[in-house]
Amino acid sequence: MLSELASFYCWLIRFIIPVAAVTVIFLCAKILLVNKKGNPVLAEFFDKSGTVYPITSYENAIGRGKQCDICVPSKRAALRAAALTLKNDGWHIFPVTSAAVLVNGERIDGDSLIEHGDTINIGGAELELDDRIEPDIPFDVTAELNRTRAVCAAAVLTAMQVMMALSLILHYAFIGDIPLQIPACFGGLIVVEWVYLVLMKFKKVGVELLAFFLCTFGLAVAASAVPAALYKQFIAMILGLVLFRALCLVLTNLELTMKLRYAVGICAIGLLMFNIIFGTEMYGAKNWIDLGPITVQPSEFVKIAYIFAGCATLERLMTTRNLILFTAFSAGCFIPLFLMRDFGTASVFFMGMLIIAFMRSGDLKAILLFIGVAVVGIIAIITLKPYVASRFATFMHAWDNPYDGGYQQVSTMIAIGSGGLFGVGGGKGNLDLVAASDTDLVFGFVAEEWGLIVGLACVAALIIFALYAVKRAALTYSVYYSIAAAAAAGMFLFQAALNIFGSTDLLPLTGVTLPLISNGGSSMLASMGMLAFIKSAGLGGDAK
Amino acid sequence: MKQMSIRALSLIAFTVVFVIGIFSLTYLSMTRGDDWTSFPANRHIYKDGVMVNAGDITDRFGTVLATTENGQRIFNDDYYTRLSTLHAVGDFNGFIKTGLATAKWDKLTGYNKITGLYDAKKGGNNIKMTISADLNTVALKALGNYSGAVGVYNYKTGEMLCMVSSPSYDPNEKNEETDGIYINRFLSSSYPPGSTFKVVTTIAALETLPDAESREYDCDYGTYVDGELISCMSKHHTVNLRDALAKSCNAYFSQLAIDLGADTMQKYADKLGFNTPAEIDGITAKAGTVDLDKIRKVDLGWAGMGQYTDLANPLQYLTLMGAIAGGGKAAKPYMIDSITTVEGIEIYRGGVSYTERMFSESTATAVHAMMRNCVTSNYGDYRFPDLNVCAKTGTAEVDQGVTPHSWFVGFVENNDCPLAFVVVAENAGAGVGVARTVANKVLQAAKQIV
Ligand SMILES: [Zn+2]
């Protein structure tokens with residue numbers, strides 16, 4: 001009787017969990033993508049005719065061009081004449097061309113503080129600054145609505161987590177002992193999640209909700225594949241959340257962020273160098289460092305450092321027009337990764353580089369040049385080092401070598417097919433018998449046990465991150481956040497593409513993790529860190 | 001700041017590419033998911049390459065032909081039952097593609113694209129077939145050492161009662177001889193039809209020529225077409241359609257085919273099922289072929305009596321016999337009686353369905369009578385006691401110096417015993433020999449179980 005009830009439960013929740021997953025995704029999409037509110041006005045310029053030029057960002061381009069945030073009405077002004085930035089002590093103006101910028105009638109040749117009542121003259125247009133306006137916080141109807149949505153999403157998510165944990169426990173109860181890790185870690189995740197959300201007052205928590213959603217499947221995969229490693233994964237999540245909050249705090253302080261950039265950049269390259277010298281080879285790539293009880297993958301953390309150091313503010317964008325330093329920094333990251341034969345991570349970095357370079361320069365030619373160099377590089381490597389290409393020999397031919405070279409891909413496809421839309425149930429999959437199933441093949445793992453709908457919901461979460469970064473690109477307080485969010489979301493998405501399509505033979509299998517889901521401490525921690533950049537896209541509007 | 005919204009479109013571009021990839025993957029998993037799932041490395045259903053998580057296959061009387069016990073897949077205890085039902089049931093290594101074990105693996109395991117293999121854990125579904133294992137054994141024994149195929153079905157209900165392919169092998173033994181044994185000759189072979197094709201030419205004539213039944217041609221040990229001889233076994237003098245069919249006069253049918261013309265012959269061959277693969281329970285058979293495109297006159301003569309490049313498939317022929325017996329359209333043969341879950345819930349039941357009309361009822365009546373006449377006037381009605389058989393023989397020439405294939409196709413004219421049959425024995429000589437004998441043995445046994 002009890003076992004019949006249990007199997008009925010397991011049968012039933014197969015259909016409830018996808019509904020819950022889709023509901024959470026839907027609510028988070030609404031929270032992150034649907035509110036249409038613009039930014040409040042921080043200060044304003046006005047000219048003699050009484051025309052008002054509102055300033056809504058911390059960073060503003062001033063000039064004649066239509067793309068400028070403050071469009072001056074003078075045919076003689078440069079297309080982009082100056083950058084206006086809010087710093088701790090007030091508004092600063094910075095001429096970015098050789099054309100004259102006058103403050104109170106005097107020409108400035110560098111960064112100058114301007115105060116209330118000062119006038120600036122750009123190409124003959126005179127504007128007076130008023131930074132003592134009543135803070136115009138528009139009444140935000142969506143804020144309250146979004147908090148309700150967040151509470152709903154959290155409730156549905158928790159229900160889903162409880163259902164999943166129970167079905168995993170029942171699975172283990174049937175075959176023997178119940179690993180205590182399962183109730184402990186799922187319970188722990190639920191507690192941490194609610195404590196966090198309550199502390200944040202459920203305000204602007206869409207990004208975190210999606211992260212908790214993805215982490216849930218990470219735990220479910222670990223619970224099925226290696227229950228013994230569950231505590232490790234859970235601790236990595238907690239540490240990841242701490243790293244996330246810490247990075248969020250640093251990022252909120254843009255001046256501190258700017259000061260730390262160079263140090264972080266040097267650390268990143270240093271860490272990779274250290275990795276080359278003292279690294280250990282695992283799974284065909286020398287990208288691990290053995291620290292006794294644990295092994296870490298420095299390249300995962302370097303992703304965070306890469307974005308942190310690679311992004312720039314508007315002022316810098318407008319003054320340094322070339323990408324030489326950034327390109328050199330990127331090369332400093334690629335070369336060690338290639339030497340470690342971690343081609344998957346190297347290509348994820350390359351994607352990040354393309355996005356950052358384009359967001360910084362808007363120069364399509366430079367991007368095409370980068371891609372061209374990469375193609376030539378790949379051809380050179382394949383010609384000079386044929387063994388590199390041989391690692392990807394089964395690409396597109398997995399079914400011709402199903403028991404050797406294509407075994408992982410074939411097993412993943414078998415898993416996806418066996419799971420159908422609703423999955424065979426937590427713990428009941430067979431993919432765990434295949435190497436790297438909980439990391440490189442994790443999409444197949446989720447699809448087999450929880451169904452393709454749930455697998456696609458996880459993918460949707462990553463897509464929402466990217467759409468959020470795009471939607472917020474022009475609304476953040478600083479270009480730095482726009483670039484960082486786009487780069488982080490793009491790298492997530494690219495990594496997901498390599499992971500999902502690699503394991504299903506639509507791309508070469510490079511062995512990268514699926515962000516926030518794959519089992520593994522380094523990946524989890526680093527992914528949570530990357531999330532801080534996506535979160536920073538929300539800095540703007542009512543952030544202050 | 002503003003320009004960032006335009007530059008961020010680069011990320012949108014990549015997102016679009018990614019979403020296209022995800023759609024492709026979803027599409028692939030929906031269209032090819034069954035191939036992926038049925039791969040023998042799938043531990044949900046296979047053990048050492050043998051599909052073990054599958055339901056029972058039983059015959060029409062409930063005789064278990066294949067089942068799983070203690071995680072092992074096993075066949076029926078009886079040696080001849082194993083051999084005679086092998087091609088219908090299939091092997092468990094997937095060599096016999098049209099066998100139920102392979103072709104209906106999804107039904108047996110309970111797989112479908114929506115719920116995946118969730119139901120496989122319970123042991124899948126059981127399939128009950130319409131064939132009789134005992135009747136199959138009679139047919140296989142009757143074929144003896146000849147390769148070939150036997151099919152018998154109820155032309156009123158569509159149930160297949162017998163489907164045998166020879167040579168067969170014992171799936172419990174490791175067999176060395178693999179040449180052609182994995183082919184179900186009833187479904188996956190096509191043979192030169194020989195004189196059985198004269199039925200097709202007869203139907204084409206009855207459908208298109210108002211004077212078909214009274215039309216006469218001369219036969220002097222055959223006839224000359226453009227200086228080439230199409231030969232006959234004897235001198236049939238001047239014959240009409242009815243006698244020509246009974247005596248299987250080559251001269252008559254080659255001249256008739258030439259007068260009908262290649263277009264008409266092609267049209268009726270297509271209508272009667274050639275050039276389209278027949279299907280049984282969704283399992284595709286090999287198509288029979290008739291290709292009269294740009295044909296020489298003399299070759300059209302040969303084609304009209306079942307030689308040239310003509311090839312017929314036994315299942316397609318069985319359906320044609322069903323159409324003649326059924327007045328111009330056939331009850332489609334089927335062999336899956338029902339599928340039930342392990343809990344006993346019936347999820348599928350086979351039933352009668354009909355083909356398109358192939359020819360008119362009057363044509364059917366006329367051909368029916370002529371085929372009855374073949375038996376009474378030529379093959380010997382006494383050889384088929386209590387049966388009223390209507391039939392046509394075929395002696396299909398293959399290569400020079402090789403004994404021809406022996407065909408016997410037809411049906412039983414009896415409302416209480418509505419059986420249609422096809423027998424083909426490879427290299428067994430004249431149709432009035434081996435195939436006729438096999439047909440009688442199988443029909444006598446089949447009569448007991450209808
Ligand atoms: Zn003749």
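Predicted, not measured: the structure shown is a model, and the values here were computed from it. Just so it is clear: chains get the letters A, B, ... in the order the sequence lines come, proteins before strands, and each one is counted from 1.
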Could you look at B:Ile45 and say if it's the side chain, the backbone, both or neither that has a heavy atom under 4.5 Å from chain A?
-> neither
Full working for side-chain contact (heavy atoms from CB on, under 4.5 Å) between A:Met413 and B:Phe39 = CA-CA 10 Å; A:Met413 286 183 259; B:Phe39 191 72; over 6 Å; no
Are any non-hydrogen side-chain atoms of A:Glu59 and B:Met4 less than 4.5 angstrom apart?
-> no
If every non-hydrogen atom of A:Met359 is compared with every non-hydrogen atom of B:Arg7, which pair is closest and at what distance?
-> O-NH1, 2.8 Å
Can you say whether B:Thr15 sits under 4.5 Å from chain A via the side chain, the backbone, both, or neither, judging by heavy atoms?
-> both
B:Tyr111 portion near chain A, given a 4.5 angstrom heavy-atom threshold = side chain
Note: vs chain B, highest number of non-hydrogen pairs under 4.5 angstrom among A:Leu433, A:Val424, A:Ile414 is A:Ile414
Quick one: pull up CD1 in A:Ile463 and CD1 in B:Ile22 and give me the separation to the nearest 0.5 Å.
-> 6.0 Å
Do you know which of A:Ser418, A:Ser7, A:Gly417 has the most heavy-atom pairs under 4.5 Å to chain B?
-> A:Ser418
When rounded to the nearest 0.5 angstrom, what distance separates CD1 in A:Ile500 from CZ in B:Phe18?
-> 4.5 Å
Do other residues, nucleotides or ligands put more than 12 heavy atoms under 6.0 Å from A:Phe15 CZ?
-> yes
Tell me, out of A:Leu467, A:Asp69, A:Leu506, A:Leu507, who's got the most heavy-atom pairs with chain B below 4.5 Å.
-> A:Asp69
